[in-house]
There are 2 protein chains.
Amino acid sequence: MRTTDMPLIRRSRLFAQVGEPDLAAMLAACFVQTLPASATLCRQGEKAEFLHVVLSGRVGLFGSAGHEEALVEFFGAGDAFIVPAVVLDAPYLLTARMLEEGRILMWPAAAFRAQVRATGALAYGAVLLLSGYWRTLIGQIKDLKLLSAIERLSAFLLALAPRETGPVTVTLPGGRRLVAGRLGITPQSLSRAFAALRPLGISGGGRQVTIVDPARLREFAGARALKGPERRD
Amino acid sequence: MRTTDMPLIRRSRLFAQVGEPDLAAMLAACFVQTLPASATLCRQGEKAEFLHVVLSGRVGLFGSAGHEEALVEFFGAGDAFIVPAVVLDAPYLLTARMLEEGRILMWPAAAFRAQVRATGALAYGAVLLLSGYWRTLIGQIKDLKLLSAIERLSAFLLALAPRETGPVTVTLPGGRRLVAGRLGITPQSLSRAFAALRPLGISGGGRQVTIVDPARLREFAGARALKGPERRD
DNA sequence: GGCCGGATTTGATTCAAATCAAATAGTCCG
DNA sequence: CGGACTATTTGATTTGAATCAAATCCGGCC
């Protein structure tokens with residue numbers, strides 16, 4: 001573990017309420033790994049071995065059925081995923097893969113389980129984290145059930161943008177292929193959706209996308225869109 | 001609060017680790033309400049006033065956009081919903097409605113927030129509960145993104161059935177209209193999906209559905225289906 | 001028992017998005 | 001810088017599910 005890791009660790013909601021001495025004791029059982037892009041952190045169906053806390057880099061959570069695979073969610077610094085599988089000691093429902101190089105805190109499952117049970121502050125941090133995830137997932141389910149592909153893309157872009165009025169350039173959390181998966185559509189459909197939004201002032205190149213007038217996009221999406229979509233932070 | 005409520009309260013995962021004296025202190029701030037079918041517990045967009053714990057009856061969580069509405073999940077005895085909105089002090093993302101008469105424990109939001117922060121055992125219970133919900137929601141997202149309507153119905157029925165071999169009769173958690181919403185399809189499509197499964201030994205009447213040979217259905221669904229779908233319990 | 005009103009089924013048609021199929025634009029390497 | 005691979009766009013076609021439209025079933029109630 002590097003000294004530069006500590007601030008990253010402290011920044012995670014998971015540890016927000018944990019005191020210094022407790023934190024030190026917890027981390028004694030853990031180690032940090034630098035992983036390259038495409039490295040697999042865990043595989044759907046396997047038994048939970050470690051809790052992973054993202055210190056840097058982006059991670060994608062994928063669900064698979066047969067030979068199909070779909071990105072379920074992007075995770076980034078501060079996120080601790082697989083908490084549920086670890087806590088319930090159940091097999092992973094998802095496969096986690098690094099989308100780029102990053103550092104991951106590895107926390108042995110049994111140790112984590114014991115520590116959440118014993119340390120209220122850690123459990124409270126987990127509640128905050130899981131609460132944020134619940135809201136993210138609910139938002140996604142609502143999008144999938146109630147919005148069209150174009151509306152989902154609009155909502156997704158707006159969630160990425162600071163809620164200002166002026167033109168904004170947002171950075172997609174992954175390539176188009178991955179964004180398409182997150183939105184539950186094919187890359188071809190995503191491309192068409194972007195094309196459909198171009199007249200509304202969306203210009204895209206690579207993972208940079210510029211929204212000329214967020215208010216206009218919000219109005220377009222908002223006609224049918226959901227209230228209170230806000231992003232976990 | 002009736003004396004018959006206590007066993008129901010104790011049965012919820014939320015309180016599994018909470019000791020008697022703590023529990024009594026917590027419940028002092030709460031009250032129990034009997035609510036009729038269709039009663040609304042909370043409305044999307046509003047600020048969290050209460051945490052609700054279902055003691056009996058079924059509750060539906062609905063997301064809405066514009067004038068469309070879709071059922072996101074069924075909840076039943078032991079479930080505490082809206083935990084995330086309460087903990088994060090954020091507006092509800094969903095509307096909760098009684099699907100039948102039932103009793104609900106009402107817990108003032110501020111009191112609950114203070115108590116999760118203060119009581120490790122309660123926080124731990126919340127972690128367990130939220131972990132289960134995470135898995136349920138992830139399962140649903142995977143279904144929506146990877147399976148066809150018929151496959152989703154198959155998976156849904158199998159999740160309802162005890163994992164035996166012989167013929168089983170399962171009870172749908174709500175009318176066909178609601179089940180359709182949960183599966184992300186229209187009632188008409190649900191009807192066609194049931195029709196498509198009839199040759200595989202699925203006979204339906206009202207909310208009772210009989211699966212002649214779960215293994216055969218599992219095989220059919222399993223050809224493309226997900227591993228480890230299991231239901232929260 | 002027989003009627004009313006909503007829920008489910010069935011049929012015909014439409015439509016959004018997937019799939020099939022190239023063409024084009026980017027990127028990484030040597 | 002050029003080649004090879006991958007990612008993205010664009011076009012044509014198919015298809016799963018929605019929508020439109022009845023018909024039928026059902027439960028509650030007088």
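So that the names make sense, note that chain A is the first sequence line, chain B the second, and so on, each numbered from 1. Atoms considered below: every heavy atom in the structure, side chains included; atoms not considered: hydrogens, waters and symmetry mates.
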- A correct 5'-to-3' footprint of nucleotides 22-30 of chain C, with B, S and - meaning base, sugar-phosphate only and no protein heavy atom under 4.0 Å, is ---------
Which atom pairs link the protein and nucleotides 12-20 of chain C when you take only N or O atoms and keep those under 3.5 Å?
unit_1, atom_1, unit_2, atom_2, d
dA12(C), N6, R192(B), NH2, 3.3
dA17(C), OP1, A149(A), N, 2.7
dA18(C), OP2, T186(A), OG1, 3.2
dA18(C), OP2, S189(A), OG, 2.3
dT19(C), O4, R192(A), NH2, 3.3
dC20(C), N4, Q188(A), NE2, 3.3

- Query: Any side-chain donor paired with an acceptor under 3.5 Å for T34(A) and R103(A)?
  - Reply: yes
- Item | Minimum side-chain heavy-atom gap L157(B)-L172(B) below 4.5 Å | yes
- Query: If we only count heavy atoms from C-beta on, is the W134(A) to V83(B) side-chain gap below 4.5 Å?
  - Reply: no
- Take atom CZ of R198(A) and atom C1' of dT10(D), then tell me their distance rounded to the nearest Å. 11 Å
- Item | F31(A) ring center near F50(A) ring center (under 6.0 Å) | yes
- Task: Could you give me the CA-CA distance, side-chain angles and deciding distance for Q188(B) and S191(B), then say whether side chain to side chain donor-acceptor pair (under 3.5 Å) is met?
- Result: CA-CA 5 Å; Q188(B) 290 97 316; S191(B) 181; over 6 Å; no
- To the nearest Å, give me how far apart CG (D143(B)) and P (dA17(D)) are. 13 Å
- Task: Anything under 30° is parallel, anything over 60° is perpendicular, the rest tilted; go ahead and classify F75(A) against F81(A).
- Result: perpendicular
- Note on the structure: K145(A) atom NZ is separated from dA17(D) atom C1', nearest whole Å, by 15 Å
- Within 6.0 Å of CZ in R177(B), more than 12 heavy atoms from elsewhere: no
Provide a list of protein-nucleic acid N or O atom pairs under 3.5 angstrom, restricted to nucleotides 4-8 of chain D.
unit_1, atom_1, unit_2, atom_2, d
dT8(D), OP1, R176(A), N, 2.9
dT8(D), OP2, R177(A), N, 3.2

- Pair S64(B), Q44(B): side-chain N/O donor-acceptor within cut-off below 3.5 Å: yes
- Tell me yes or no: between the side chains of S148(A) and E151(A), is some donor less than 3.5 Å from an acceptor? yes
- Polar side chain donor-acceptor pair, Q140(B) to K145(B), under 3.5 angstrom: no
